[in-house]
Amino acid sequence: MIYPTILCGGSGTRLWPLSRQSYPKQFLCLTSENSLLQETALRVVGGGFSAPILLCNHEHRFLVSEQMQRVGISPTAVCLEPVPRSTAPAAAIAALLAQEKDEEATVLLLPSDHAIGDLTSFTSAVQLGLQAAKKGKLVTFGIAATKPETGYGYIRPADEIEGVMGVRSVQQFVEKPGAVVAEKMVSEGGYYWNSGIFLFQVSTYLEELSRLEPYILSACKDAIKKSERDLDFLRLDYRAYEACASVSIDVAVMEKTGRAAVVPTNMDWCDLGGWAALWEAGSKDDNNNVLKGNIVAQDVSGSYLHSAGPMLAAIGVENIVVVADQDTVLVAPKNRSREVKDLVECLKKKGRPESSTHLRVFRPWGWYQKIDVGEGFQVKRICVNPGKRLSMQYHNRRAEHWIVVNGVATVTRGEQTFPLIANQSTYIPIGEKHRLENHGDKPLYFIEVQTGDYLGEDDIVRLDDDFGRN
């Protein structure tokens, strides 16, 4: 079996403001009705693939789980990384977990934020790479370098591998070159972009990692040995994994091994690393624009306009990126859209919450969105998904007023439990234990008005919680 391993980490900076730390781009629907994560998982269903292994951080665990449920996928494992440690340790964790299932397992390491337009070519490339992996090769997939892109790594191939037509050994890896070097390589021809997708038998990767970076392998084994089950998640041991070096699989293994191989492929691949990349990958109108959401454009060309909320109107501009979220608007020349990451770092240093969170905050039971806030009060719109409930909790410094807008709520307040329907309300005094549940088959919407001298999210004392957050 091939064990697809999907890397679901991410800091949410390159596609800000739609992507943020609390809800990075892999969870967004940018190229279809499915999120990038869902598209990645659906790409490897059936056809010799096992259910996927997913690696994510603690904060995103319920998002990953919910998105997999929505597309009917039950993962082999959802593994929680306590700290980010790049792709070499992640690949080791995947190899060790797959090895527990099958000594001869093969791992397909996949970023969760790539777009692949030609699924047939992707599948054919994987099957071709599998032949090389069975010969002890560590396989990556190369995309023909058609322009001097400085955001990608490059591969210079060598001779074809004996007995595997179409797969070549790797002569050289070039890590994200400057503009001059990239221009030279593209003009010379014969170079491929490194797609960041890898295929290997677990025994091959673990042997090479043991030889080249033994401390990484040791730390990863220790992190799994001391791991704990948390609901449906495997929580890696913090101290063991923290001791692991943070290094990419390219630097740790692929650039040093003599067993690297590349499968040249034309799978219509795009690393969605910035707004310019989304413009390139998107369907364009007659003026070469990509327009998403509520857009009015007059005399606009070569631009990417995206609104996730208000109407976005533009007149007489070209080669520009404008992205409007509900609380933030980004405007940038298209050729400078990669600098968004630097802008987000600047916002973080200034303590701006827009750098990391949206107005709508997702929780394992649904979401809430701030509507208004002022001295001594805060108003939220809240959605509770069907069959979900909030924790049994109380607050030390705030009271709450609940008004049901749509659906039927089951409310526990103190020792009482009672239903609330649309246009009905209740009051939760400071210090009163309470819980809200949705037993229906449709989302429950209500308005919450908080009053008190402190309204922070950390004024929640959980007594019982379905999601292990006590």
Side-chain angles (χ1 to χ4, degrees), residues 1-7 43-44 47-50 53 86-99 101-111 114 116 121-145 152-175 190-214 216-217 220 247-267 269:
M1 295 291 290
I2 298 175
Y3 285 77
T5 299
I6 304 175
L7 307 179
R43 214 171 281 143
V44 287
F49 293 110
S50 77
I53 298 169
S86 196
T87 52
I93 293 294
L96 292 166
L97 292 177
Q99 192 176 50
K101 303 283 185 181
D102 179 2
E103 286 284 340
E104 298 182 359
T106 302
V107 166
L108 178 64
L109 199 68
L110 297 162
H114 289 181
I116 294 176
S121 293
F122 167 77
T123 304
S124 298
V126 170
Q127 292 303 317
L128 189 59
L130 183 60
Q131 297 178 40
K134 288 180 177 179
K135 289 182 173 290
K137 299 297 183 180
L138 298 166
V139 180
T140 186
F141 299 84
I143 313 298
Y152 300 155
Y154 287 69
I155 299 169
R156 185 176 184 179
D159 296 334
E160 195 168 75
I161 294 173
E162 185 177 350
V164 189
M165 187 177 296
V167 184
R168 301 172 70 177
S169 296
V170 172
Q171 180 176 331
Q172 181 188 15
F173 284 94
V174 181
E175 190 64 29
Y191 284 87
Y192 294 91
W193 289 326
N194 186 353
S195 68
I197 302 171
F198 300 93
L199 181 73
F200 49 78
Q201 286 197 310
V202 295
S203 56
T204 306
Y205 181 71
L206 295 177
E207 283 172 13
E208 288 298 270
L209 190 65
S210 177
R211 182 177 67 86
L212 297 167
E213 296 284 353
I216 291 179
L217 181 57
C220 289
V247 60
S248 70
I249 186 174
D250 305 79
V251 173
V253 176
M254 298 299 288
E255 294 177 4
K256 301 173 184 176
T257 183
R259 304 166 83 171
V262 59
V263 179
T265 176
N266 182 18
M267 62 175 79
W269 168 92

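No hydrogens, no waters, no symmetry mates; every other heavy atom, side chains included, goes into these values.
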Task: Heavy-atom pair with the smallest gap, counting every atom of Pro111 and Ile197 - done: CD-CG1, 4.0 Å
Task: Non-hydrogen atoms of Ser195 and Thr140 that approach each other most closely - done: OG-OG1, 4.4 Å
Task: Student check: side-chain heavy atoms of Val139 and Val262 closer than 4.5 Å - done: no
TODO: Kindly say whether Glu160 contributes a backbone atom to a donor-acceptor pair with the side chain of Ser169 at under 3.5 angstrom?
DONE: no
Task: Considering all heavy atoms, the nearest Ala92-Tyr205 contact - done: N-CE2, 3.6 Å
Task: Note, Ser121 side chain near Asn266 side chain (heavy atom, < 4.5 Å) - done: no
Task: pair Glu255-Glu175: side-chain heavy atoms closer than 4.5 Å - done: yes
Open item on the list: Is it true that, when you exclude Lys256 itself, more than 12 heavy atoms of the residues, nucleotides or ligands shown sit nearer than 6.0 Å to its NZ?
Closed with: yes
Open item on the list: If you apply the rule side chain to side chain contact (heavy atoms under 4.5 Å, CB included), what do you find for Met254 with Leu138, and how did you get there?
Closed with: CA-CA 8 Å; Met254 298 299 288; Leu138 298 166; 3.8 Å; yes
Open item on the list: Please evaluate residues Tyr152 and Asn194 with respect to the criterion side chain to side chain contact (heavy atoms under 4.5 Å, CB included), reporting the C-alpha separation (whole Å), side-chain torsions for both, the decisive distance (0.1 Å), and the verdict.
Closed with: CA-CA 7 Å; Tyr152 300 155; Asn194 186 353; over 6 Å; no
TODO: Assess whether side chain to side chain contact (heavy atoms under 4.5 Å, CB included) is satisfied between Val247 and Ser86, documenting all intermediate values.
DONE: CA-CA 5 Å; Val247 60; Ser86 196; 5.6 Å; no
Task: Crowding at CD, Glu104 (>12 non-hydrogen neighbours, <6.0 Å) - done: no
- [ ] List the atom of Glu207, the atom of Arg259, and the distance in Å for their closest heavy-atom pair.
- [x] OE1-NH1, 3.4 Å
Open item on the list: Below 30° counts as parallel, above 60° as perpendicular, anything between as tilted: where do the rings of Trp269 and Trp193 land?
Closed with: tilted
Open item on the list: Test your reading of the model: is there a side-chain donor-acceptor pair from Gln201 to the backbone of Gly136, 3.5 Å cut-off?
Closed with: no
Open item on the list: Any heavy-atom pair between the side chains of Val253 and Glu213 that's under 4.5 Å?
Closed with: no
Open item on the list: If you count every heavy atom of other residues, nucleotides or ligands that lies below 6.0 Å from Asp102 atom CG, does the total exceed 12?
Closed with: yes
Task: Closest heavy-atom pair and its distance - Ile161, Ala261 - done: CD1-CB, 3.5 Å
Task: Thr204 side chain vs Lys137 backbone, donor-acceptor pair below 3.5 Å - done: no
